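Model, not experiment: these values are computed from the prediction. Starting from 1, each residue takes its place in the sequence as its number.
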Amino acid sequence: MPGDGKAAPERGVPARGLSAHILPTSATMVGVCMTVLSIGHLAPRGEVRVAIDKLLAVDAIVFLVSAVLSFMSLRPGQSRLRYEWWGELLFICGLALLALGAVVLAFVIN
């Protein structure tokens, strides 16, 4: 179908899927996690802040792995679809973790 973003097989150009979008967005989200980590230091010291710091640090790693998997899915090879699927799954998990951290942080900061 024209305009759907997928290349026709007869042209010999591989379809990219969502990986072309997830790769730069995941890299940006690593920076967002680092920014939220810095903002988290406005909260009073305590166990909750340490938990938020650790959650966001793990979340940055999740986004980094998602970016690497998305990059690997853009390279030619038989495992492209598997890498893309895992990259997408980790990206969604990373977004959920970031949202969870933001909600907890919102209730901790006075």
Side-chain angles (χ1 to χ4, degrees):
M1 178 179 277
D4 64 358
K6 294 184 179 177
E10 63 271 9
R11 291 187 207 154
V13 179
R16 293 288 187 213
L18 290 176
S19 289
H21 300 286
I22 290 176
L23 176 58
T25 306
S26 289
T28 301
M29 295 310 286
V30 171
V32 169
C33 287
M34 299 306 294
T35 302
V36 175
L37 267 167
S38 298
I39 292 171
H41 287 265
L42 296 174
R45 290 184 176 261
E47 292 179 19
V48 176
R49 189 176 113 185
V50 171
I52 292 170
D53 286 350
K54 290 181 180 184
L55 174 75
L56 291 171
V58 168
D59 198 21
I61 298 296
V62 169
F63 281 122
L64 178 64
V65 173
S66 174
V68 169
L69 289 170
S70 295
F71 173 77
M72 291 172 64
S73 75
L74 293 175
R75 299 178 57 86
Q78 294 179 346
S79 300
R80 285 184 53 209
L81 293 177
R82 187 172 354 151
Y83 290 140
E84 184 172 30
W85 186 85
W86 279 106
E88 291 172 11
L89 180 66
L90 283 175
F91 183 77
I92 293 299
C93 290
L95 287 178
L97 282 174
L98 186 60
L100 176 67
V103 168
V104 172
L105 187 62
F107 285 104
V108 171
I109 295 178
N110 293 331

Using 0.5 Å steps for rounding, measure from the OG1 atom of T28 to the CG atom of L23. 9.5 Å
Drop me the distance from L95's CG to S26's OG, to the nearest 0.5 angstrom. 8.0 Å
T35: which residues meet the side chain to side chain contact (heavy atoms under 4.5 Å, CB included) condition with it, sequence neighbours left out? I39
Pairs satisfying ring pair (Phe, Tyr, Trp, His ring centres under 6.0 Å), at least one member in residues 43-73, at least two apart: F63-F91
same_hphob_cluster(I22, L81) at 4.5 Å side-chain heavy-atom cutoff: no
Suppose we screen for side chain to side chain contact (heavy atoms under 4.5 Å, CB included). Which residues come up paired with M72, at least two apart in sequence or across chains? V68, Y83
List in chain and number order the residues that pass side chain to side chain contact (heavy atoms under 4.5 Å, CB included) with L90, two or more places apart in sequence or in another chain; answer none if no residue qualifies. V62, V65, S66, L69
Does atom CG of L89 have more than 12 heavy-atom neighbours from other groups under 6.0 Å away? yes
Listing request: all side-chain hydrogen bond (donor to acceptor under 3.5 Å, both in side chains) pairs with a residue in residues 52-63, at least two apart in sequence or in separate chains. none
Just by modelled atom types, is the S70 backbone N or O under 3.5 Å from a matching donor or acceptor in the S73 side chain? yes
Decide whether V36 and V50 are clustered together by the hydrophobic rule: side chain heavy atoms of Ile, Leu, Val, Met, Phe, Trp, Tyr closer than 4.5 Å, transitively. no
L64: which residues meet the side chain to side chain contact (heavy atoms under 4.5 Å, CB included) condition with it, sequence neighbours left out? V30
What residue pairs, at least two apart or across chains, pass side-chain hydrogen bond (donor to acceptor under 3.5 Å, both in side chains) with a residue in residues 85-102? none
